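Here's the structure we're looking at; comments come further down.
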Amino acid sequence: MPIESDIFILGIESSCDDTAAAVLKNNVLLSNITAGQSVHEQYGGVVPELASRAHQQHIIPVVHEALRKAAITKEDLSAIAFTRGPGLLGSLLVGASFAKGLSQALQIPLIEIDHLQAHVLAHFISDGRMDEKMPDFPFLCLLVSGGNSQIIVVKSFDEMEIVGQTIDDAAGEAFDKCAKVMGLPYPGGPHIQRLAAEGNPNAFKFSKPQISNYDYSFSGLKTSFLYLVRDHLKENPHFIEENKADLAASLQTTIVDILMKKLIAAAHDLKINQIAVAGGVSANTALRNALLQAGEQYNWQVYIPPFAYTTDNGAMIAIAGYYKYLAKDFCALDQVPYARLK
Ligand code: KG4
């Protein structure tokens, strides 16, 4: 039975190809529902128009299920938080329009959320246990997804400074594009991880970027992977099939090395030893192991999110919304979604 002083936040996420909704009671997760979109698999990547249409079909059942699972009614909600950007504009518009309509109908506040900040704040979602470990401010967060690779100094719930980011492709894109070269389905990251488990990480060497600050670059790696495969295929048409595990393991280890090198440098220079990771690529076991190992070596407190919070989800939007609700940081109805990083 809801008590009046409890805050119930509905979080809605629709920035790419997952329609997601979650309900929080204060900072404790009550439900977290996601509808994926298999329609894109045959195209080897997300088709924006198809994503928007699928969001339209999924949004009502997903929100309905999130409320049902949380065992509350929409009248119990205190506010509605939605992803305002960055993302695919058509997809964002579905979630934003739905959130605006529902907040108006219920006469409750509307809260806009930056998708990337929400990935970082996923570390503050509670499952109600007393012994949960959450980062203290300031902490460093390595945010690695299909669209971003950033090192962020997180100073508070609403103050984050990007100290390094990719100058071209994101880490997830490197996984996905190289997987495509190998004929693997989209998204390629999980397939690379699965194959890598059987392969030799030192079988092939790929180029690594030489950039002086904390920025990343993955386009050179992608090209070097493509050229290596292309050259071997000239000699042996079965090269990919015969070497897929070694190719995957070598690629994965190169990406993890590139990510870790800059993170270690930033942690050292900025003298921060609370280190978190977020985003879809943070599901990668090799990256998780590398973080834990660095944690032992450099005396870091390492925060790795549960798998459910690595990919896009409604819970992270709801937790970001909860802290904005406490700060009374509400948004007006004329706020429109944005596609690119602010
Ligand atoms: O954060 P996310 O779900 O979506 C956005 O980019 O917004 O991240 C998706 C990315 C894809 O590039 C996917 O290949 C990658 O995360 N990914 C992985 C793994 N699981 C997902 N990459 C490597 N290993 C994984 N296990």
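Counting convention: from 1, in listed order, for ligands and their atoms alike. Note that the coordinates shown come from a computational prediction; the quantities given were computed from them, not determined experimentally.
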Could you pull out all residues at least two apart from Asp136 that satisfy side-chain contact (heavy atoms from CB on, under 4.5 Å)?
-> Gln274
CD1-CH2 distance between Ile275 and Trp300, expressed to the nearest 0.5 angstrom = 5.0 Å
Atom 18 (C) of ligand 1: the protein heavy-atom neighbour that sits closest, reported with distance to 0.1 Å | Gly189 CA, 3.7 Å
Is the closest side-chain donor-acceptor distance between His115 and Glu13 under 3.5 Å?
-> yes
Ring-ring centroid check Phe98 Phe82, cutoff 6.0 Å = no
Proximal atoms of ligand 1 relative to Ser145 (non-hydrogen, under 4.0 Å) | 1 (O), 5 (C), 6 (O), 8 (O)
Would you mind listing which atoms of ligand 1 come within a distance below 4.0 Å of any non-hydrogen atom of Gly147?
-> 6 (O)
Just heavy atoms, cut-off under 4.0 Å: does Gln252 contact ligand 1 by side chain, backbone, both, or neither?
-> neither
Does Asp312 use its side chain to pair, donor to acceptor, with the backbone of Asp18 at less than 3.5 Å?
-> no
Residue, atom and distance of the protein heavy atom nearest atom 21 (C) of ligand 1 read Gly280 O, 3.4 Å
If you measure from CZ on Phe8 to OG1 on Thr73, what distance do you get to the nearest 0.5 Å?
-> 9.5 Å
Enumerate the atoms of ligand 1 whose separation from the nearest heavy atom of His119 is less than 4.0 angstrom.
-> 1 (O)
Calculate, to the nearest 0.5 Å, the distance between atoms NZ and CD belonging to Lys222 and Glu173 respectively.
-> 7.0 Å
Nearest option to atom 13 (C) of ligand 1, as decided by whichever heavy atom of Asp176, Asp312, Asn148 sits closest = Asp176
If you measure from each heavy atom of Pro190 to ligand 1, is any distance below 4.0 Å?
-> yes
Check ligand 1 against Pro187 and write out every atom of the ligand that is under 4.0 Å from a heavy-atom position of the residue.
-> 13 (C), 14 (O)
Here the atoms of ligand 1 under 4.0 Å from any heavy atom belonging to Gly146 are 5 (C), 6 (O), 8 (O), 9 (C), 10 (C), 12 (O)
Who's the nearest protein heavy-atom neighbour of atom 15 (C) of ligand 1, and how far?
-> Val281 CG2, 3.9 Å
Step through the shown structure and confirm whether more than 12 heavy atoms of other residues, nucleotides or ligands are within 6.0 Å of NZ on Lys133.
-> yes
Atom indices of ligand 1 within 4.0 angstrom of Gln193 heavy atoms, with elements | 24 (N), 25 (C), 26 (N)
Ligand-side contact atoms (ligand 1) for residue partner Gly172, heavy atom cut-off under 4.0 Å = 12 (O)
Logged contact type for Asn284 with ligand 1, heavy-atom cut-off 4.0 Å, is both
Cationic N near anionic O, under 4.0 Å, Asp158 to Lys324 = no
